[in-house]
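A short write-up of the structure that comes next.
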Amino acid sequence: MAIQRTLRLFARWHIWLGWLVGFPILMWTITGLVMVARPIEEVRGEGLVAPPSAFDPAEIRFPETIGEPIREARLEQAPGSAPMWIVTTAKGSRIRYPASAGSASSPVLKAEASRIATAAYRGTGKLERVTYFSAEDAPLDLRQSVASWQAHFADGSNLYIDDTTGEVLAVRTSGWRLYDFMWGLHIMDLQTREDTHHPILLIFAALASFGALIGCVLLFRRRKARVRA
């Protein structure tokens, strides 16, 4: 009798937990299906950005007039541009220097951002507009708090160009934005879409796991009862 009462109690819990976590489980299943429906390389648009072109190392020289200690120096070449030294100073500021000269370059202007985006993009859409975003107003899909130029193409793709260095920071396709939205639903964080450790997600995941465990116990006991009958 005690076992039967316990099973009836489990059955009631299972029903109530089913009502409580039914929607999150359905949401996790649908969002997971959408996220795996297309290859992740296609979602990321990995084939939409041209690789950097080769350059003659004999023309490379390091800037001599930085004026302060540096933390890092990288040689980069944005598509459609000459090689540049990207120097990070000890204070955290980033400066670009032409690899063939010693003086610092000015920040990227709209015309240069358009040229870099056009040279970098390998898709079929035409460049429709180039928009500046400050670090404080950086778009959500950039995922970086840096000043940038957003180059929007007719196929829905966005290329982000660093305002200081001219680097291609990211490429975001329409498929990526759909994936990103589904990911935010999946982890129940539509604001930043990065927090996978918060109380709402942990509570619903724990309740869903507990409900599934109870369901497994009830299935085993009912099957055993049928065999005996």
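Note that the coordinates shown come from a computational prediction; the quantities given were computed from them, not determined experimentally.
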Identify the heavy atoms of [X] and [Y] that sit nearest to each other, and give their distance.
{"X": "Asp180", "Y": "Arg193", "value": "OD2-NH1, 2.9 Å"}
{"X": "Val43", "Y": "Arg38", "value": "CG2-CB, 4.1 Å"}
{"X": "Ser148", "Y": "Leu142", "value": "OG-CD2, 3.6 Å"}
{"X": "Arg172", "Y": "Asp141", "value": "NE-O, 2.6 Å"}
{"X": "Pro24", "Y": "Met188", "value": "CB-CE, 3.8 Å"}

For this session: Taking Arg177 for its side chain and Gly156 for its backbone only, find out whether a donor-acceptor pair lies under 3.5 Å.
Result: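 Checked: pair present.
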For this session: Using modelled atom types only, decide if a donor and an acceptor are shared between the side chain of Asp162 and the backbone of Thr165 within a distance under 3.5 Å.
Result: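 Answer holds: yes.
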Exercise. Does the salt bridge (charged side-chain N to carboxylate O under 4.0 Å, His left out) test come out yes or no for Glu167 and Arg74, once each step is laid out?
Worked result: CA-CA 11 Å; Glu167 297 171 282; Arg74 293 184 294 107; 3.1 Å; yes
Problem set entry | Connected via hydrophobic side-chain network under 4.5 Å: Val146 and Ile86 | no
Exercise. Are Leu75 and Val87 in one and the same hydrophobic cluster, where Ile, Leu, Val, Met, Phe, Trp and Tyr link if side-chain heavy atoms are under 4.5 Å apart?
Worked result: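 Leu75 clusters together with Val87.
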Problem set entry | Check ion pair Glu112-Arg96 (N to O, under 4.0 angstrom) | yes
For this session: Look at Glu194 together with Arg143 and state whether they make a salt bridge at an N to O cut-off of under 4.0 Å.
Result: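 So Glu194 pairs with Arg143 through a salt bridge.
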For this session: State which residues pass ring-ring contact (aromatic ring centres under 6.0 Å, His included) with Phe204; sequence neighbours excluded, sorted by chain then number.
Result: none
For this session: May I ask you to check whether Asp189 and Thr192 show a side-chain donor-acceptor distance below 3.5 Å?
Result: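 Short answer, yes.
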Exercise. Given the side-chain rings of Trp149 and Tyr160, with only the six-membered ring counted for Trp, is the space between their centroids under 6.0 Å?
Worked result: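 Here the rings of Tyr160 and Trp149 have centres that are no less than 6.0 Å from each other.
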Would the number of heavy atoms belonging to other residues, nucleotides or ligands and lying under 6.0 Å from [atom1] of [X] be above 12?
{"X": "Trp183", "atom1": "CH2", "result": "no"}
{"X": "Glu72", "atom1": "CD", "result": "yes"}
{"X": "Leu20", "atom1": "CG", "result": "yes"}

Problem set entry | Approximate separation, where rounding is to 0.5 Å, of Arg12 CZ and Leu17 CG | 13.0 Å
